[in-house]
Q: 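One structure coming up, written as structure tokens, with questions to follow.
Predicted model, so just to flag it, every value in this text is computed and none were measured. Lettering of chains follows the sequences in order, A, B, ..., and the numbering in each one begins at 1.
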Amino acid sequence: MRNVFLFVRRYFTFFTFLLLQIVALWFLYSYNKFHRAKFLGVANEMTGRINSQYNKVEDYFTLKEENRRVHRLNDSLLNLQSRNFMRRDTGMNIIQDSLPYDTLGNYRRYTSRPATVVYNTINAQKNYMQLNRGSAQGVGDNMAVIGSDGSVVGKVVNVSPNFSQVMSLLHVQSTVSASLKKTGEIGTVEWDGKDPQFLTLKRIPKTVDIKLGDTVLTSKVSFNFPPGYIVGTIADKKLDAATGMYVLKLKTAANFYNLQQVHVIMNLEYDEQVKLNQDTKKKIEDPKKTVK
Amino acid sequence: MSDLVRNILRFALFILVQVYILNKIPHLHRYITPYIYYLFILWLPFSVSRQWLLIIGFFTGLVLDYFTMTPGLHAAACLLIAYVRPFVINILTPKDTSDFNYREPSPKAMQWTPYAVYVFILTVLHHGYMVFLQWLDVGNFLDFVIKVISTTAISMLLIFTAELLFPRKLKFRTNTA
């Protein structure tokens, strides 16, 4: 027994090293797997505060460019306002007074909240950004994040009370469903971890006629992203002979180098859709438990 | 200024420079992220015990990790160099302690060549281990090698620029003070 104690004391430093190393690797792998760590909420608040201070200064350098972009979006929104359009009277008068419905009987499916980026990286293979809104301001996991000019930026993966963490498109684990504007084929947008200006669009069959410069939008089949927001334009096309699918290089529409103002967009029916999806899988693929 | 206060200020400065300047500058190339924050560990006084070195190294890495949102990555690499540091210093410094009464590693204290070797070994270990941990997730072997070499080169350049621009005042360990 005495020898054991002597042995431990002799190599005490080495054991401390091993122990701390294991703790570090545990942090690393448990975080990467689940995109979150329990303790990150507290640390998030702290780094978030420092980041906001820094951001106050940094914002001045890109104000002009940002204003131009905001102005452009405002302009396009003005054009969308319903008072620009009128409907012929068909003799029936429909009155709706509940808020979530507009007068045409369309209901509201997405709501948007503005937010400011307080930290953002582009030089890692797993890039995250931090926004100055958190669960206390209504941001939740899996909401879509759109840049101020309407281009896709990423989605929320973690929230603390006043800040939220966004997995940007420039993350090797990010996948977004997207479709070609011209023909509507649906594919998946990923990132290969190399050049932050280019994404990869996969699973477009080779029968589609694709020209360089074609626009790629978010698809209609995504739970997170509202359809019709721009992801990027096609910069290069290659054919994967093995699968008969294109591997397309996309120039990102969002400029990740100077992101500041973003919109966090919530799908009001997200929970219902995801639940239906899971229930369906359970019912069809494992029928014994649900059907008598 | 006491050693403690000076090292705390140094710590804050290195972390802020790393997070808000080096991680933010438009990168030169996709392989290169300049790193300098671990110079804080290289500059710790000789008198710090090995246990404390490990703990300080671990927390230095962890604080940076919270800014870059990769808990554990830099902590693991910093811990490794904090563990190896005493061995390297033992090999590179003169055994005769009467010659040797500086308080912390510097080109003046160790001579330029041994100091360069000291910085080089720890830099390669830090980058090698960190890029290795990243590489386990994604990437191929060539990427790994190029990335280690290029980040090591740029970090060495940064460190020696820092040494030349900000020569530290020489502090002796004496019996009188």
Q: Check whether N120(A) gets within reach of chain B through its side chain, its backbone, both or neither, counting any heavy atom under 4.5 Å.
A: backbone
Q: With a 4.5 angstrom heavy-atom cut-off, which part of F58(B) approaches chain A: side chain, backbone, both or neither?
A: side chain
Q: Applying side chain to side chain contact (heavy atoms under 4.5 Å, CB included) to L54(B) and T13(A), what does each step give before you reach the verdict?
A: CA-CA 8 Å; L54(B) 290 180; T13(A) 317; 3.9 Å; yes
Q: Side chain, backbone, both or neither: which part of F17(A) has a non-hydrogen atom closer than 4.5 Å to chain B?
A: both
Q: Between Y129(B) and chain A, with a heavy-atom cut-off of 4.5 Å, which part of the residue counts as in contact: side chain, backbone, both or neither?
A: side chain
Q: Mind checking the CG-CE spacing from L28(A) to M130(B)? Nearest 0.5 Å is all I need.
A: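 Nearest 0.5 Å value for the CG-CE distance: 11.5 Å.
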Q: From T16(A) OG1 over to I55(B) CD1, what is the distance, rounded to the nearest 0.5 angstrom?
A: 7.5 Å
Q: Does K251(A) NZ have over 12 foreign heavy atoms under 6.0 Å away?
A: yes
Q: I'd like to verify something: which residue of T121(A), V23(A), I50(A), L25(A) has the highest number of heavy-atom pairs under 4.5 Å with chain B?
A: I50(A)
Q: Report yes if some heavy atom in the side chain of Q51(B) is under 4.5 Å from a heavy atom in the side chain of F12(A); otherwise report no.
A: yes
Q: What part of V63(B) lies closer than 4.5 angstrom to a heavy atom of chain A: side chain, backbone, both or neither?
A: neither
Q: Please check if atom CH2 in W112(B) has more than 12 non-hydrogen atoms from other residues, nucleotides or ligands closer than 6.0 Å.
A: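 Enclosed: over 12 neighbouring heavy atoms sit under 6.0 Å from CH2 of W112(B).
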Q: For N23(B), does its backbone N or O pair with a side-chain atom of N123(A) as donor and acceptor, under 3.5 Å?
A: yes
Q: For R203(A), does the CZ atom have more than 12 heavy-atom neighbours from other residues, nucleotides or ligands under 6.0 Å away?
A: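 For R203(A), atom CZ is not crowded (no more than 12 foreign heavy atoms under 6.0 Å).
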Q: Give, as side chain, backbone, both or neither, the part of I22(A) having an atom under 4.5 angstrom from any heavy atom of chain B.
A: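 Answer is neither: I22(A) stays 4.5 Å or more from chain B.
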Q: Taking C-beta and beyond as the side chain, do L62(B) and F27(A) meet within less than 4.5 Å on heavy atoms?
A: yes
Q: Once rounded to the nearest 0.5 Å, what's the spacing between atom CG of L80(B) and atom CG of L20(A)?
A: 12.5 Å
Q: To the nearest 0.5 Å, what is the distance between OG1 (T68(B)) and CG (N127(A))?
A: 10.5 Å
Q: Under the side chain to side chain contact (heavy atoms under 4.5 Å, CB included) rule, what do Y54(A) and V19(B) come out as? Steps first, then yes or no, please.
A: CA-CA 11 Å; Y54(A) 174 81; V19(B) 173; over 6 Å; no
